[in-house]
Amino acid sequence: MLWFAAMSALAATLLLFYRQAGWLAGPAVETWLRARLRRGREDAGRLPERLGHPSLPRPEGRLVWLHAASVGESLSVLPVVERLIRSGLAVLVTTGTTSSAALMRARLPPGALHQFVPVDRAPPVRRFLDHWRPDLAVWVESEFWPVMIEETAARDVPMVLVQGRVSDRSFSRWRRFPGLIGRLLAPFVLCLGQSARDAERLALLGARRVDFVGDLKTAAPPLPADPAELDRLRARLAGRTVWLAASTHAGEESVVGHVHQALAPRHPGLLTLVA
């Protein structure tokens with residue numbers, strides 16, 4: 001009991017420190033956003049959204065807010081968005097990258113809106129919530145932003161985690177801070193794991209109600225493509241061994257090149273694609 005109380009106190013202290021640091025870091029955050037803008041990682045015309053200033057009006061009626069970090073997460077919830085729209089609900093999707101924003105602009109069905117997620121500081125988050133007033137918040141995979149979670153819970157907005165993912169590394173790290181992850185998971189009324197193992201880990205970390213009903217990524221429809229271009233590509237790849245290195249980061253392409261050189265003698269005609 002004493003250990004649990006100590007962990008709870010530590011969690012409260014860490015979250016308070018995180019909040020206070022966020023209050024003090026206002027000018028630094030804006031400098032950080034401008035630096036990201038110079039590197040092409042922010043949208044100049046929509047930068048105010050990152051500070052909680054909306055660029056679109058809130059639609060009338062009940063609104064479901066889904067937050068997905070980037071491309072993969074936002075793609076996985078498109079079937080959910082479509083189902084919610086068919087149910088007569090307004091839908092807001094937030095993401096944090098320019099690539100996911102471009103994808104949502106092209107793929108979101110009519111009736112669904114996109115905004116960049118505000119940085120995890122109290123003033124931007126409160127501006128965001130004041131404007132959008134969601135009736136339900138759906139978080140995708142493992143985007144546990146402390147201020148966002150606490151501010152949303154403080155407004156009695158039900159929260160659901162879908163595609164909940166807990167990697168080996170994350171599970172090991174969170175087990176060292178049980179009070180902290182338990183406090184972040186406590187407001188969620190339901191946590192759906194990406195796999196049965198993820199669901200089990202979420203329960204061990206303190207989620208109240210946990211289930212596994214399948215992986216949304218397997219339910220996502222194929223990406224749209226030009227049939228003629230797709231046939232042409234298939235013809236060019238016919239009979240060749242193809243290796244795809246997807247979503248690479250800086251420096252990884254050189255590793256891919258070395259792997260290609262090592263594999264090529266054993267796979268004549270090997271084609272390596274880098275995305």
Under 3.5 Å, which donor-acceptor pairs link side chains of residues 46-57 to any protein atom two or more places apart or in another chain?
residue: R46; atom: NE; partner: E49; partner atom: OE1; Å: 3.4
residue: R46; atom: NE; partner: E49; partner atom: OE2; Å: 2.8
residue: R46; atom: NH2; partner: E49; partner atom: OE1; Å: 3.0
residue: R46; atom: NH2; partner: H114; partner atom: O; Å: 3.2
residue: R46; atom: NH2; partner: H114; partner atom: ND1; Å: 2.9
residue: E49; atom: OE1; partner: F116; partner atom: N; Å: 2.7
residue: E49; atom: OE2; partner: S55; partner atom: OG; Å: 2.6
residue: E49; atom: OE2; partner: Q115; partner atom: NE2; Å: 3.4
residue: R50; atom: NE; partner: E42; partner atom: OE1; Å: 3.3
residue: R50; atom: NE; partner: E42; partner atom: OE2; Å: 3.3
residue: R50; atom: NH1; partner: V117; partner atom: O; Å: 2.8
residue: R50; atom: NH2; partner: E42; partner atom: OE2; Å: 3.3
residue: S55; atom: OG; partner: Q115; partner atom: NE2; Å: 2.9

Notebook entry, point to check: Looking at side-chain heavy atoms only, is the closest gap between W174 and R201 below 4.5 Å?
Noted result: no
Margin query: What I want to find out is whether R155 reaches D130 closely enough, with some N-O distance under 4.0 Å, to be called a salt bridge.
Written below: yes
Only distances under 3.5 Å count here; give the side-chain donor-acceptor pairs of residues 254-262 to other protein atoms, sequence neighbours excluded, each with its distance to 0.1 Å.
residue: S254; atom: OG; partner: G251; partner atom: O; Å: 2.9
residue: H260; atom: ND1; partner: T272; partner atom: OG1; Å: 2.6

Next item on the list: Kindly give the cluster partners of V242, where membership spreads through any ILVMFWY side chain lying under 4.5 Å from a current member.
Entry: L233, L237, L244, L271, L273
Margin query: Quick one, L75 with R107, criterion side chain to side chain contact (heavy atoms under 4.5 Å, CB included). Give me CA distance, side-chain angles, the key distance, then yes/no.
Written below: CA-CA 9 Å; L75 272 176; R107 298 293 306 278; 3.7 Å; yes
Notebook entry, point to check: Between I149, L185, V189, which is the residue that forms a side-chain contact (heavy atoms from CB on, under 4.5 Å) with M159?
Noted result: I149
Note to self: I want to check something: taking the side chain as every heavy atom from C-beta on, are S195 and D215 in contact at a cut-off of under 4.5 Å?
What the structure shows: no
Item checked: Stepwise side chain to side chain contact (heavy atoms under 4.5 Å, CB included) check, L180 with F144 -> CA-CA 11 Å; L180 181 57; F144 298 133; over 6 Å; no
Next item on the list: Decide yes or no for L66 and L84: does some side-chain heavy atom of the first lie under 4.5 Å from some side-chain heavy atom of the second?
Entry: yes
Note to self: Side chains of V210 and L190, heavy atoms from C-beta outward: is any pair under 4.5 Å?
What the structure shows: no
Check: Would you say V81 and V93 make side-chain contact, with heavy atoms under 4.5 Å?
Finding: yes
Margin query: I'd like to know if R232 pairs up with E229 as an ion pair, taking the criterion as any Lys NZ or Arg NE/NH1/NH2 lying under 4.0 Å from an Asp or Glu carboxylate oxygen.
Written below: yes
